Amino acid sequence: MEWFEEWFDSPLYEQLYANRNEEEAGELANLIERFLPKTSYPKILDLGCGRGRHSLTLAERGYQVKGIDLSEEAIEKAVIKANERHLNNVSFQVGDMRNPLPETFDAVVNLFTTFGYFEEDGENASVIESVGSMLRNEGIFLLDYLNADWVRANYKPDESGTFKDLHFDIYRYIRKDVIYKEITFTGIHLETPISYTEQVKLYDLEWFIENFDKYGFEMERLMGDYKGNTYNPETCSRLVMLARKV
């Protein structure tokens, strides 16, 4: 089993990242509306949608949205939330981002560093190839990734905290251009400590430019945050890329 299959299906994942709020999702949705207006890009695929935070926000703004994620637990939660909000313009299904769906979209979004999870470069590049096969001509791929240079210079090795009766310790390190996050949970409701690992490949901008070109994309815009400000490799923590299928 891959690390993400076990970790993303864990209820502890949702508890650890409970601070990812609707305000942040709204800010990213504003950016998407600015560069992907629904009059021109009405049908969007949220690739690696998790529990549907961004998919639901975009659906509430009038887009026709499909979200896919490898985690069955995440998709179940996303469906429940969509039903609670009475949204009929969003759907969810379990799927692997390396395997294209048999339909076409006006835009594909991959948000909050849901990229670089696979060990082999070819597998991560195959995600870009998969996106290309699902986009209409002149469609847009919005890829929200971390700035690898900034991460290398600024990542915090140790972090800890407590929520409710659960304590967590996080240890981060970089090895062979992969950043690892080892997370250990302890608490009165856990008989023994439980540990998980996250890992993301650290790709530079040049890697994306090369693979976008390889799979029929043209880089159209680079941004360094969710407000749409210009990307600065030295100061920006994020690398938000808009690539057009040509």
Side-chain angles (χ1 to χ4, degrees), residues 1-2 4-5 8-9 25 28-29 32-33 35-83 85 87-145 200-201 208 211-220 240-246:
M1 178 180 290
E2 300 274 14
F4 45 80
E5 295 179 80
F8 293 162
D9 267 343
L28 192 44
I32 291 170
E33 279 194 302
F35 293 105
L36 301 172
K38 57 181 172 287
T39 51
S40 301
Y41 304 92
K43 186 180 178 184
I44 289 183
L45 173 65
D46 186 359
L47 194 66
C49 66
R51 285 151 176 80
R53 185 165 54 118
H54 298 104
S55 296
L56 297 169
T57 301
L58 291 171
E60 288 176 332
R61 298 191 181 200
Y63 292 92
Q64 183 70 39
V65 185
K66 171 167 279 189
I68 69 166
D69 199 280
L70 197 61
S71 168
E72 294 183 9
E73 174 74 16
I75 291 298
E76 288 177 6
K77 293 286 180 64
V79 170
I80 290 171
K81 291 177 182 178
N83 291 335
R85 300 188 192 188
L87 293 170
N88 58 14
N89 58 330
V90 61
S91 62
F92 296 97
Q93 72 179 64
V94 176
D96 188 318
M97 64 178 67
R98 293 167 290 188
N99 301 327
L101 300 174
E103 57 183 299
T104 304
F105 299 87
D106 301 306
V108 176
V109 298
N110 181 249
L111 307 173
F112 213 75
T113 313
T114 312
F115 189 90
Y117 289 170
F118 307 114
E119 292 188 9
E120 300 297 328
D121 292 340
E123 287 187 280
N124 290 309
S126 74
V127 175
I128 299 174
E129 181 180 19
S130 173
V131 170
S133 69
M134 293 186 288
L135 272 175
R136 65 165 171 83
N137 289 335
E138 298 296 315
I140 293 289
F141 182 22
L142 188 152
L143 176 52
D144 167 31
Y145 185 64
V200 175
K201 296 275 282 193
F208 285 103
N211 281 281
F212 281 144
D213 181 68
K214 179 179 180 180
Y215 293 113
F217 288 91
E218 183 177 278
M219 190 75 78
E220 196 160 273
V240 184
M241 295 166 277
L242 277 177
R244 185 178 298 276
K245 181 179 176 180
V246 294

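Note that the structure is a prediction, hence the values are computed from the model and not measured.
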**OP:** Determine yes or no for a side-chain-to-main-chain donor-acceptor pair under 3.5 angstrom, with Lys38 supplying the side chain and Arg61 the backbone.
**Re:** yes

Original post:
Shortest non-hydrogen contact from Ser133 to Pro100?
Top reply: OG-CB, 3.1 Å

Original post:
What about the rings of Phe118 and Phe4, do their centers lie closer together than 6.0 Å?
Top reply: yes

Original post:
Can the ring centroids of Phe115 and Phe208 be said to lie less than 6.0 angstrom from one another?
Top reply: yes

Subject >> Residues that Glu103 engages under side chain to side chain donor-acceptor pair (under 3.5 Å), provided they are two or more places apart >> reply: Lys43, Lys66

Subject >> Separation between OG1 of Thr114 and CG of Asp69, rounded to the nearest 0.5 Å >> reply: 8.0 Å

**OP:** Mind checking the CG-CZ spacing from Leu56 to Arg85? Nearest 0.5 Å is all I need.
**Re:** 4.5 Å

Original post:
How far does CZ of Phe112 sit from CG of Leu28, to the nearest 0.5 angstrom?
Top reply: 9.0 Å

Original post:
Do other residues, nucleotides or ligands put more than 12 heavy atoms under 6.0 Å from Glu138 CD?
Top reply: yes

Original post:
Is it true that atom CD of Glu72 has more than 12 heavy atoms of other residues, nucleotides or ligands lying nearer than 6.0 Å?
Top reply: no

Original post:
Would you say the side chain of Ile32 lies within less than 4.5 Å of the side chain of Leu111, judging by non-hydrogen atoms?
Top reply: yes

**OP:** Start with the C-alpha gap between Phe8 and Tyr117, add the side-chain angles, then the distance that decides, and say whether ring pair (Phe, Tyr, Trp, His ring centres under 6.0 Å) holds.
**Re:** CA-CA 12 Å; Phe8 293 162; Tyr117 289 170; 5.6 Å; yes

**OP:** Only one of Leu45, Asp46, Leu47 passes side chain to side chain contact (heavy atoms under 4.5 Å, CB included) with Phe105; say which it is.
**Re:** Leu45

Original post:
For the side chain of Lys245 and the backbone of Leu135, is there at least one donor-acceptor N/O pair under 3.5 Å apart?
Top reply: yes

Subject >> Closest non-hydrogen atom pair, Phe92 against Gly52 >> reply: CE2-CA, 3.9 Å

Original post:
With sequence neighbours excluded, what pairs up with Glu73 under the side-chain contact (heavy atoms from CB on, under 4.5 Å) test?
Top reply: Asp9, Arg51, Ser71, Glu76, Lys77

Original post:
Any idea which heavy atoms bring Cys49 and Ile75 closest together, and the distance?
Top reply: SG-CD1, 3.8 Å

**OP:** Mind listing the closest non-hydrogen atom pair of Thr57 and Ala29 along with its distance?
**Re:** CG2-CB, 3.7 Å

Original post:
What distance separates Phe141 CZ from Glu218 CD, expressed to the nearest 0.5 Å?
Top reply: 16.0 Å

Original post:
Could you give the distance from OH (Tyr41) to CZ (Phe35), rounded to the nearest 0.5 Å?
Top reply: 11.5 Å

List the atom pairs, donor and acceptor, that lie under 3.5 Å between side-chain atoms in residues 125-132 and the rest of the protein, sequence neighbours left out.
from, atom 1, to, atom 2, distance (Å)
Ser126, OG, Glu123, O, 2.5
Ser130, OG, Met97, O, 3.3

Subject >> Partners passing side chain to side chain donor-acceptor pair (under 3.5 Å) against Asp106 (at least two apart in sequence or in another chain) >> reply: Arg136

Original post:
Under 3.5 Å, side chain of Ser40 to main-chain N/O of Leu36, donor-acceptor pair present?
Top reply: no

Original post:
How many angstroms lie between atom CD of Gln93 and atom CG of Leu101, to the nearest 0.5 angstrom?
Top reply: 5.0 Å

**OP:** Output all residues satisfying side chain to side chain donor-acceptor pair (under 3.5 Å) with Asn99, sequence neighbours left out; order by chain, then residue number.
**Re:** none

**OP:** Kindly give the heavy-atom pair with the smallest separation between Gly50 and Ala78, and that separation in Å.
**Re:** O-CB, 4.3 Å

Original post:
When you measure from the side chain of Asp144 to the backbone N and O of Val240, does any donor-acceptor pair fall under 3.5 Å?
Top reply: no

**OP:** Considering non-hydrogen atoms only, spot the tightest contact between Val90 and Ala59 and give its length.
**Re:** CB-CB, 3.8 Å

Subject >> side chain to side chain donor-acceptor pair (under 3.5 Å) against Glu220, all qualifying residues, sequence neighbours excluded >> reply: Arg244

